[in-house]
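Only one structure is covered here, and it is reproduced in the block below.
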Amino acid sequence: MELELRDVSKHFGGIQALNGVSLRLSGSQLVGLIGPNGSGKTTLVNTISGIYKPDDGEIILNGEEIGRLKANEVTRRGVGRTFQVTRAFRRMTVMENMLVPALAVPSDRGHREIKERAREILSFLTIDHLRNDYARSLSGGQQKLLELGQLLMTDPDLLLLDEPFAGVHPKLMETIFEYITTVHAQGKSFIIISHDMSSIFTLSQRLVVLHYGDIIADGPPDIVKEDPAVIEAYLGEDEDD
Amino acid sequence: MTTYAKSTGRRFWFRPQWAAALVALVIALLVPLYLQIHSPYWLHVLIVAYFYAILASSWSLLAGYAGQFSFGHMAFMAIGAYTTGLIGRLVRLTTAPTGMCAEIPLPGRDLWLVFINTVGDNCLELGKVNMPAGTLIYRPPILSGIILGALIAGLAGLAIGALVLRFKAAYLALFTIAFSEILRTLIRGEPQITRGDHGLRVAPLFPQTISRVPDYYTMLAILVASLLFMYWLASSRVGLFLRAIREDEEAAAARGVDVVRYKVLTFVITSMLAGLAGAFFAHYITILSPNIIVLPQMGLVIAMAIIGGVESLAAAAIGGMIIQISLELLREFEAWRLVIFGALLILTLRFARNGLLAPLLQRLSGTVPRAESREEASQAELGEEVGA
């Protein structure tokens with residue numbers, strides 16, 4: 001998997017959410033994306049996943065410009081994403097939630113195979129027993145697991161996770177950790193947005209720090225956390241708190 | 001067919017909802033044997049009830065499944081009705097050219113498609129002078145008008161569906177109200193074509209009989225075929241995608257669903273069904289006026305679907321039938337019956353968001369979702385594990 005962002009900009013009215021962001025991901029990487037509130041993290045994920053179109057710049061996935069594609073077309077090219085606030089299809093069962101991406105993205109799998117795969121993933125995520133329940137009856141953490149399960153149904157090469165640990169019970173957080181490490185070991189790439197510093201420092205091989213739409217640091221977590229610009233822009237706030 | 005709706009795991013003919021539907025169909029097939037002798041008027045009421053059942057159920061596919069709260073459904077019905085009516089009034093097939101009308105020779109056949117003018121002297125009458133003796137003049141087959149009515153309604157649905165793609169909730173409702181009112185004004189404003197408020201005469205589908213029985217069975221067949229088609233659609237992957245779009249368009253797109261394609265497809269299909277119902281209804285009532293698309297008519301269809309259960313095709317259809325029949329039964333209450341149904345609609349919206357009939361049908365079919373208290377149970381289970 002090769003992803004390259006070249007001078008990507010996005011603004012909303014007078015607010016410059018992304019200011020010429022350039023980033024390159026190659027092979028199987030686990031990238032943490034951090035930054036203070038309003039720094040442009042979710043905008044970046046929305047722009048890569050086709051929810052937003054960049055005002056300027058290019059997003060190249062495996063040699064193809066995807067910046068102008070619709071979200072469903074980006075998904076079909078192997079990019080999956082979760083949302084900051086879970087957006088499972090609430091009045092559909094857990095199994096139906098799993099079937100939507102599997103059927104929307106063309107594959108060679110038959111009906112039986114798709115359902116078996118869904119159950120396998122749900123079992124891995126410890127929510128197979130809830131497969132016939134409506135998604136709205138799941139707890140917030142279980143809905144996060146469901147979203148993660150939906151991603152695997154399309155077998156994406158790049159997974160964009162927006163705050164996967166926010167508001168999650170510690171027990172479920174362990175499951176999410178296991179999910180990320182297992183899927184990453186299968187050769188998939190991740191960009192993970194998180195405010196949970198201990199989780200993101202533990203998981204990431206590389207940290208990218210956004211501040212007011214600019215990348216102010218990019219490198220191994222140990223080095224990034226010592227970066228004075230990062231400390232001032234973000235980590236410093238925590239220390240002050 | 002591969003279905004993706006929740007299943008009870010039983011073969012479909014053993015499922016109670018299909019058994020109930022079969023019993024209802026048998027009763028519906030037998031009803032005319034009694035009514036045509038004892039109360040032909042009630043046969044008429046049932047035909048109208050089936051007409052509204054098609055409209056309410058197809059609107060529920062659009063609004064309840066796909067989440068597109070359109071007020072334009074009756075306009076698409078009217079497009080189907082007026083298309084077949086206008087074809088009957090203004091189009092003829094002749095075995096020789098008139099030389100006076102706009103006309104198109106049909107390839108491979110000695111037939112001309114003739115369009116009669118609506119201003120000035122009738123070109124067909126003038127053209128008869130030039131036509132050779134023995135020239136035959138036909139009205140196009142009624143079936144072709146009905147099919148064209150459905151197709152043109154579908155095309156209009158395609159155009160409107162594409163225009164309202166980005167509209168949601170109130171904006172979609174306002175746009176479709178405006179579309180409906182523009183169409184009504186056009187029909188009223190072009191009386192030389194549509195006959196406006198004077199009413200457009202439409203040929204009956206079964207002119208050789210005064211019995212309503214053939215019309216009854218035809219409308220029943222359209223209702224059953226429409227419901228079967230919509231059920232097939234709703235239980236296929238398309239139905240799954242429509243429900244995902246209804247829940248969250250952005251999330252559906254992020255899961256790979258082509259939101260634009262399926263939203264437009266739903267507009268086209270439901271518009272075609274409304275157009276088909278309207279086209280046949282035009283040949284049943286034999287006169288059309290712009291009043292068929294006044295806003296209260298659309299409100300009535302919405303009330304039928306909502307009181308029945310907007311997320312269930314069968315519940316919306318049964319709601320349509322029950323309300324239409326009830327309106328007849330309560331006729332002596334005059335305007336008060338509308339007040340009663342208005343109040344019922346308000347109470348349904350407030351206390352039974354899934355309608356009054358849909359929960360009953362869910363119980364019958366055994367597709368009631370597990371209790372939401374499951375959430376509490378799983379939380380308790382999780383708490384025990386953590387505690388342990």
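Because the structure is predicted, anything quoted here is derived from the model rather than measured. Letters A, B, ... mirror the listed sequences (proteins, then strands); counts begin at 1. Only heavy atoms go into these numbers, but all of them, side chains included; no hydrogens, no water, no symmetry mates.
- Stacking of A:Arg136 on the aromatic ring of A:Tyr134 is not recorded, the 6.0 Å distance cut-off and the 45° axial limit not both being met.
- The contact list for residues 250-265 of chain B toward chain A, using heavy atoms and a distance under 4.5 Å, reads B:Glu250, B:Ala251, B:Ala252, B:Ala253, B:Ala254, B:Arg255, B:Gly256, B:Val257, B:Asp258, B:Val260 by residue number.
- Between chain B and the options A:Val105, A:Val100, A:Ile127, the largest number of non-hydrogen pairs under 4.5 Å is found for A:Val100.
- Checked for salt-bridge contact, A:Arg87 and B:Glu247 miss the test: no charged N lies under 4.0 Å from a carboxylate O.
- Qualifying salt bridge (Lys or Arg N to Asp or Glu O under 4.0 Å) partners for A:Arg6, counting only residues two or more places apart in sequence or in other chains: A:Glu4, A:Glu58.
- Heavy-atom minimum distance, A:Ala17 versus A:Phe12: CB-CE1, 3.7 Å.
- Between A:Glu96 and B:Arg243 there is a salt bridge, since a side-chain N of the basic residue sits under 4.0 Å from a carboxylate O of the acidic one.
- In summary, A:Arg117 and A:Glu120 engage in a salt bridge, as defined by a charged side-chain N under 4.0 Å from a carboxylate O.
- Side-chain contact check for A:Asp128 and A:Thr126: no donor-acceptor pair (N or O, by modelled atom type) lies under 3.5 Å.
- Annotation: maximal heavy-atom pairing with chain B below 4.5 Å, among A:Arg76, A:Lys70, A:Arg91, occurs at A:Arg91.
- Checking B:Val268, B:Thr270, B:Ile269 one by one against B:Thr266, the side chain to side chain contact (heavy atoms under 4.5 Å, CB included) holds for a single residue, B:Thr270.
- Comparing A:Ala135, A:Ala104, A:Ala102, A:Pro156 by how many heavy-atom pairs each has under 4.5 Å with chain B, the most go to A:Ala104.
- Interface remark: A:Arg81 contributes backbone and side-chain atoms alike to the contact with chain B (heavy atom separation under 4.5 Å).
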